[in-house]
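Here is the structure we will look at, set down as structure tokens.
Every heavy atom of this structure was used, including side-chain atoms; hydrogens, water molecules and symmetry mates were not. Throughout, a chain's letter reflects where its sequence line sits, starting with A, and its residues are numbered from 1.
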Amino acid sequence: MKTSLKIENLVINGKNSSGWFPIVQDVSIEVKPGQVVAIIGESGAGKTTLALSLLSYTRPGTRIVQGHVYLGDKDILAINFEKRRQLRGMKVAYVAQGTAAALNPVIRLGKQIAECLLVHGIGSVASARKRTKELLQLLDLPDPEKFAQRFPHQVSGGQQQRVMVAMAMACLPEFLVFDEPTTALDVTTQIEVLKAIKAVISENGTGAIYVTHDLAVVAQVADWIVVMHDGKIIEEGKTEKILNNPWKEYTKELLKAVRLIPDNSEYFNTDRQKKIESSVPVLMIKAIRASYEKGSWLHPISENQHILRGVDFSIGPGEVVALVGESGSGKSTMARVIAGLLSPNSGKVMFQGTNLDPMVRGRSLDLLRRIQIVFQSPDTTLNLVKRIEEAIGRPLELYFKMKGKRKRDRVEELLKMVELPPDYADRYPSELSGGEKQRIALARAFVAKPDLILCDEVLSALDTVVGATILNLLKDLQARLGVACLFISHDLATVATIADRVVVLYAGRVCEEGSTGEVFSPPFHPYTALLIASVPELRCGWLEDVLVSQIDVKDAGVAPMDSGCAFRTRCIFYIKDICDLQAPVGKKNSESHIIYCHREIHELSAVKSDKYKMTGKGGYRQSLVRRCCG
Amino acid sequence: MKQSDDYIKQFENGKVSRRQFFKYMIGLGLSIPTINSILAAAGPGVMASTPVRGGRLRIAMAGGSQTETLDPAKSYCYTDGQRCQSLYNTLIRPSSSLTPEPELAESWEATEIADEWIFKLRKGVEWHNGRNFQAKDVVYSLRRILDPKTGSGGKAYLADVADLKAEDSHTVRIKLKRSDVDFPLVLTHGNFRIVPDGYTDFDNAIGTGPFKLKSFKPGHGCLLERNPNYWKSGLPYVDEVESFSIPDNVARVNALLAGDIHLLNILDPEFTNKIESSPGTRVLSSPSGLRVPFIMKCNVPPYDNPDVRLALKLLMDREKYNKIVYGANAQIGNDHPIAPIYSDFCDAIPQRQHDPEKARFLLKKAGVDGFTFDLHVSDVGIGGKKGALVYSDMAARAGVNVKVIKEPTDGFWKAVWLKKAFLICSWSMRPTASMQMAIAFTSNSSWNDTFWKRPDFDKLLLEARSTFDKKRRKELHCELQYMICDDGGTIIPSFVNLLDAASTKVKNIILHPSIDSGFRNIPEACWLES
Amino acid sequence: MILLLVRRFLLGIVTLWVASILVFAGTEILPGDVASAILGQSATPETIAAIRQQLRLDRPAPVRYVVWLSHIVRGELGNSLTTGRAVSGIISDSLKNTVVLAALTAFFAVPLSLGLGLLSAAYPDSLLDRGISISSLVGISLPEFFTGTLLVLVFAVTFHLLPAVSVVSEFSSFMHKFRALVLPILTLTLAVLAHMTRMTRAAILDTLGSHYVEMAILKGVPRSRIILRHALPNALGPIINVIAINIGFLASGVVVVESVFAYPGLGRLIIDAVSFRDIPLVQGTAMIFCVFYIGVNLLADLLVLTTNPRLWDKK
């Protein structure tokens, strides 16, 4: 009765300024009923284009040149418009990436789910509403009645993604197509969504295609992996086989680039740290409070409108300090305050022992040179109509009054430093890849001979393999030039490989601070423990292991509180009344390691470093964990 | 005259336009006043086939706004004038040859030197409210004009009135400060329409005229209904007259072409062909004394030199000017303010000809060869702007540089007129030749816009005003016209015909070359073809 | 959201205040005065002096402004200089006419432009789309006095279907009023249609390119429903703003159209008032236009707020 989905010799072309070129080249894949096939590859590999063709859909500017997509024995590429419409959502459903943009902002969530049923003529409005409620319940969304009345912006990213899954599941389709459904999410939220996806797949035995670049995620959901590169299939096989024993060089490279948290604490270098602590810090953050709201005497800014609520930390000369936390924790706001783009409401930013003007326009040219910033997306900071020579040369002129040949020579020298050929100086940003652009951004930051570099999520927009090379370059340059660095990231694995010290932020407060080795080993702050435990591991069964632990995935996401400990609602160590009313004070585990928690250090030591397994509240439905790795 | 009778018939039926009719009649060797008197004499009786009663006559006027009023003392725009004409009567009205004709005054007589006048009033005339018309009404109406608080524009015309009183219930005696044989004509002015004694509520006007007020809203419209007790028995024919303003020239013409209205005033000369060629509409063109003159300030060099003034007059090719600017809907002027329709028009003065050679010679002689004459012009005055360009072109052909400077219409009278040395303005027609000359050419007139001051002229004008002998007076007026023509600071290329238009459904249209727009009298005697 | 509305409202008041300064200053610098404008050639120095005194023009401008403003906020627009009647009374009739004209135009033009815009967006680059695009462009590029006159020539002068002028008064019948308004409404509609149609089309096409519309397609939502339920509500923000601008424009558009059709509305009134230098009347009418324009934009902001749930939670 169950049919399979079969792609045969599919070729899809895309259009750019110079004409049509192939995006997907001669791809054939078969998905059996109930099977989960993962398509992995880096951006530009044609994954999404391929995924959309399974719904007989091509984006404007792409077209199917040849091949077939069979659902059962029917070629869904050859059916008419109305048949196609009936197919979509009914037989094959799609779960999109970036749900914030994929949900209609002005339609209530319940209606968006119910619409899937109504447009396919399934049931009445009342029955659709009932089914919507069931779906919301199935996906562990809180208070379905109320939740259905909400608009997309009123719920968290993880909840949005689960609504997306609910929409896809509404008509009980035979196949689901997941397109990077967890890429934009925090690790903690990712678990919640992965759990939901596993739940719906196993509940109905639905076949699925799961498109992602994240091998660790693939390990948790897929039975079969297809590796794509430049529109072609490079290698395919059972999940375990691909993960443990890949044939092709490209696959090996992909696997190598996956960053994991080292489980060996010896890995962390503690020597350097000792040396650093004795000298005057490059940057000192003292009791910074900041908000994007503008208060007035009539309406002062309330406590939970503050993004930063009293943050203290410092960076020594040549030290790399990482600022970590989920989205909403205040990492980027901290960067904006240091950069002088946002004036704090109170507190001090001190640079090399002197007070820093809160706004950038009040800072001297020399100060501006001493603090450089590298952003997540180099596209927003590179002027698209200026050559690279100018992009790097401008700071040279500005700070060092260099001109002509001297400038050119220095530009070429810097290009060499970031491992790019000297003739790149004559290129325009549009001629460069994302990784190359980020190299230029690094070169531009280092050219100013700064004392401090702020790196705000510099790897997030890059593919894993490219990201790994940039990370190595950054590490290398930092070590060579001895620049202090504030490395802001949500990715704990990356942080672990580069930082000397780590500051963990939650809801605008520091909850743990210490050397990298100390932060990544017990005793943990419960939040740090949760973050570490949520980073997927490159092995099958990890998700199931985590799910039986007691990470509460229902309410993942940062929720600021007016008083008490902000993390208390998600905390497994929650102490009634105390955590509700009092802000935790710092407890020293060592001279450099401070944990802000009401629990004693020895209580926190009970949390295991690797598994975050605690006895108590109990695990999740075993049925969810039933299948892994085929 | 059999032929011309036929032609009159054709004209009356709308088959022949007024312009064609005049052309034809002039072709027969008749002068314009004569033609007009033929038409007037033809009157309702002759021109009528069979009068039809009833219907609503719809009139669109060019002027009109919130300032519209039914107070005749304050009426100054066409719209007001048209309505007042239907609501009230004057003591005397101008005939088609601009002689005084009895209206509310049945007869009048003056002293030897014309400084005291006695008017016998018509008996049995009833106000719209039923009261009888009497001498006290006349005294009240004229005293209102003289009262500065009323703010009537007509006050200046009565400047010579020394005393005013009712002799008995139907006799009025008016004493003048100095002689004026033309005084009865002065009383034809629209501001001097007679209102009931003591009356002030002009939003609910009461008059003796052919129509009674039904409804009036300034700026929106006015509806009049037939006065069944009108003292001219049998008149009027139409039941109602609705009038409103359509300020836009094109819109007004379109409304007539579309059949929305029966009559319009102030027809842009551009549209005469369109109106004439369309079935069901016709042009009403009546010669008048309206002029759009070129004004030179005679106290400012180089215009203080008579040779320069003459040269500028000689540069004007009048035939061509009339044709281009007015489409021949104008009478040729001779640089003096008296139009051919006045009985005192002097035909003995030779018509000034186009003579660029002599003009250039005179300018050279005056030492202003190569001078640039700045000519200021605005939309004040029909065809003014076009005329300025035409004249500039004529001058250029003669090698004289006339630079046209366009001024805003708004504020023209304040900022340009009497200020700039060479300009084009507009002068409306005055009831008498004497007044026409007095107001703009006597030394002490504040409106002497040419600043041409000749004591001999002033003296002669005064003499003419007290001369009853018509022949002698005409001689004196002729002398005055010659002085202005010869030496004055004004170029008067033409007298502009009053151009209006009507639907051919409107029958029995009697046109006056009156001081105001020609068709105001139309509602009194016209009827609508059913 | 309440706070946001209050803030917008206060901003509207401030704008109105600034407008009042401009209106006052504008009437100050008009050359000429009421006496010479009314009397034309017949103006004498004594009448002008009398009027100046009556107007208290001898006092300095800021003082007069404050006095004027204090009257305006109490709703006293003063008396007309030329007629002596209360400005509010004069305005009320004309205002009624203009409101009827503008409202009827909006009533037809807004749904029509939305419909045409939706059609264009539903079939982009089709013959229909191009037809709508070209004809609406022609509509917008021709000045109103031209389209107005053209319509009159066709419908009134040539075929005698409709009246050429829209002279309406208390003694015109309802049928007459209705027929009289057809051409002015058509003219104004043509003038505002293009802008709104094109904005609707652009805004819809813009949202049609969004992820949530692609998602709706992939859910199997029919095209008509995608446009009406998914794209339109999201495109409403810019569309409403353009509609507001165009309805605001109607206020100025009526000045021309009222002149072409001799329609006795505010536009005619302000032209007359300016040419007669009837300062209180000019000021009163101009302030009415300002209130109208600011009111329409305020209303648009309000509507945008109600159509965008993302703004509901904002303070």
Side-chain angles (χ1 to χ4, degrees), chain B residues 56 58 60 64-69 74 76-77 148-149 151-156 203 214-215 217-223 240 242-248 250-261 274 278 380 408-415 417 425-428 439 446-447 449, chain C residues 30-33 35-48 50 80-83 85 87 90 93-94 97 145 148-149 152-153 155-172 180 258-262 264 268-269 271-278 281:
Chain B
R56 182 190 280 189
R58 285 165 63 87
S65 65
Q66 289 306 317
T67 58
E68 285 171 4
T69 175
K74 290 196 215 163
Y76 83 100
C77 70
K149 271 186 270 172
S152 172
K155 184 173 178 279
D203 281 350
K214 199 167 176 184
S215 160
K217 203 162 231 179
H220 291 259
C222 180
L223 186 63
E240 288 176 315
E242 187 188 347
S243 59
F244 40 81
S245 78
I246 303 179
D248 189 76
V250 184
R252 213 156 56 248
V253 168
N254 283 335
L256 182 70
L257 292 174
D260 294 351
I261 54 168
K274 176 73 191 159
S278 301
V380 166
T409 308
D410 252 12
F412 173 85
W413 295 110
K414 210 176 175 205
W417 189 62
C425 68
S426 174
W427 275 92
S428 58
I439 193 136
S446 57
W447 291 353
D449 54 6
Chain C
L30 271 180
D33 56 41
S36 46
I38 292 180
L39 302 170
Q41 254 182 324
S42 330
T44 61
E46 55 173 314
T47 52
I48 291 173
S80 156
L81 295 180
T82 47
T83 66
R85 283 189 281 261
V87 168
I90 296 176
D93 279 328
S94 304
N97 286 335
F145 69 82
T149 310
V152 166
L153 283 180
F155 290 100
V157 175
T158 310
F159 294 111
H160 297 281
L161 293 173
L162 291 162
V165 286
S166 310
V167 177
V168 293
S169 56
E170 55 202 278
F171 32 82
S172 4
E258 285 179 0
S259 160
V260 169
F261 291 97
R268 275 274 305 279
L269 188 64
I271 291 176
D272 286 347
V274 167
S275 62
F276 285 105
R277 300 292 182 272
D278 195 336
L281 196 53

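- The parts of C/Ser94 that come within reach of chain B are both its backbone and its side chain, each placing non-hydrogen atoms under 4.5 angstrom from that chain.
- Interface check for chain C: of the options B/Gly259, B/Ala255, B/Ala258, B/Ser278, the most heavy-atom pairs under 4.5 Å are formed by B/Ala258.
- Closest heavy-atom contact between C/Ala262 and B/Ser245: CB-O, 4.1 Å.
- In this structure, chain B has heavy atoms under 4.5 Å from both the backbone and the side chain of C/Val157.
- Heavy atoms closer than 4.5 Å to chain B are found nowhere in C/Ile271, neither backbone nor side chain.
- Within the 4.5 angstrom heavy-atom criterion, atoms from both the backbone and the side chain of C/Asp93 approach chain B.
- With values rounded to the nearest 0.5 angstrom, B/Asn254 atom CG is found 14.0 Å from C/Phe155 atom CZ.
- In this structure, chain C has a heavy atom under 4.5 Å from the side chain of B/Asp260, while its backbone stays farther away.
- Looking at C/Leu269, only its side chain comes within 4.5 Å of chain B, counting heavy atoms on both sides.
- The candidate with the highest count of non-hydrogen atom pairs below 4.5 Å against chain B, out of C/Ala273, C/Ser259, C/Ala180, is C/Ser259.
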